[in-house]
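Per chain, numbering begins at 1; letters A, B, ... match sequence-line order.
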Number of protein chains: 2
Amino acid sequence: MPRTTDAKGLDDTDRKILRLLRTNCRLTTQEIADQVGLSQTPCWSRIKRLEETGIISGYVAILDQAKVGRPDTFIVEVNLENHDDEKIENFSRHLQQLPEVIDVYLTTGEFDYVIIVAVDGPEGYETFLRKKLLKFEGIKHTRSIYCLRRLKRDVSPMV
Amino acid sequence: MPRTTDAKGLDDTDRKILRLLRTNCRLTTQEIADQVGLSQTPCWSRIKRLEETGIISGYVAILDQAKVGRPDTFIVEVNLENHDDEKIENFSRHLQQLPEVIDVYLTTGEFDYVIIVAVDGPEGYETFLRKKLLKFEGIKHTRSIYCLRRLKRDVSPMV
DNA sequence: ATATTTTCAGAATTTCATTCCGGATATTTG
DNA sequence: CAAATATCCGGAATGAAATTCTGAAAATAT
């Protein structure tokens, strides 16, 4: 093992590459190579390896949430009536289908779920809540939080 | 205006393109063109327009959170002692710098902030909380929620 | 010290993004 | 309704970048 790698098999150059691609995957291999101090070919191989090992799990376009019609964010905390596997599975499937639902966390503590929702205004949220979320049978209780602002969103953590 | 566009100036073909790029921006313009029923050139122009108008705000690589060493997610709710602009600005800046902090929402209701944090195990979280978050002067109160699982994360909302 | 493995770089090739052009379609105007 | 105008489309040509191929250098192991 000629490189100095950490527990995950990543060396410093790998991390530099990831730091670049994390915020802009449209850089050419040449541009990346220049910035990390390599030539095209080994830089390209490293990227391929990072893809094959699944450290890079995909490449996506970021859409402006407001400009696609969802300027407002709410956080909904949810409790279900009961917690058998089937119910949880169904609720998860329900949430997957709702375009307003951005993130879903299954949580410990006071609530069972924390859900991030993107909508257009309070009206949009009311519609979402009454017509979509609460249409699911078995919700015991919810609490809604309005987000004044999103101060940070990292698509992937810093490496 | 020869196309049938909505309020945002997007027609059905634009939305199809966005739906594809939203989950995979490595598709070639030819592949996208095939799937939306266009030829390369007009498809490419549309993508350029979506970039120029800022509807597509960027392209990024998605890193596997667990594989880069942050398998565990916590949600921290935070209250500050006081809420003058400077304090809020400082706290925001503080959070921007912390690699564990993925998302930050400025919220109404019981807490001032809802923060999504990615760490390695309970030990990692304790370290983050004591050595980093609470090092900031002026935190009145926090509540931590452990996430058993992330059931959904859309980098961008469905269009 | 030598053999082996791994990483690197340069050049050639292939694939794709981008530009250029003319024709078709829809909208606007008279 | 017809002509003018703007918009969109597709095909071919060009340029740039990704990918492959080859051999040399560096690090590790024997």
Can you tell me which nucleotide in dA9(C), dA17(D), dC16(C) comes closest to the side chain of Thr28(A)? dA17(D)

Whole angstrom value for the distance that separates C1' of dA9(C) from CD of Gln30(A): 11 Å

Compare side-chain N and O positions of Thr29(B) against OP1 and OP2 of dA17(C) and report whether any pair is under 4.0 Å apart. yes

With the side chain defined as heavy atoms from C-beta on, Lys48(B) is closest, among dC16(C), dC21(D), dT18(C), to dT18(C)

Atom CD of Gln40(A) and atom C1' of dA17(D) are separated, to the nearest Å, by 7 Å

Output for pair (Arg153(B) CZ, Ile102(B) CD1), nearest 0.5 Å, gives 7.0 Å

Can you measure Glu31(B) atom CD to dC16(C) atom C1' for me and round it to whole angstrom units? 10 Å

Using 4.0 Å as the upper bound for N to carboxylate O, is an ion pair formed by Glu52(A) and Arg49(A)? no

Please state whether the phosphate of dT7(C), meaning OP1 or OP2, lies under 4.0 angstrom from any side-chain nitrogen or oxygen of Arg46(A). no

Is the Lys NZ or Arg CZ of Arg150(B) less than 6.0 Å from the centre of Tyr105(A)'s six-membered ring, within 45° of the axis? no

Rounded interatomic separation in angstrom, taking CZ from Arg49(B) and P from dT18(C): 16 Å

In whole Å, I'd like the distance from the CH2 atom of Trp44(A) to the P atom of dT19(D). 6 Å

Separation of Ile47(A) atom CD1 from dC8(C) atom P, in whole Å? 12 Å

Does Thr41(A) reach a base, just sugar-phosphate, or nothing at all? Heavy atoms under 4.0 Å. base

Measure the acute angle between the ring planes of Phe111(B) and His141(B), then classify it against the limits of 30° and 60° as parallel, tilted or perpendicular. parallel

Protein-nucleotide distance (Leu10(A), atom CG; dT7(C), atom C1'), rounded to Å: 16 Å

Would you mind reading off the distance between Asp11(A) atom CG and dA26(D) atom C1', rounded to a whole angstrom? 15 Å

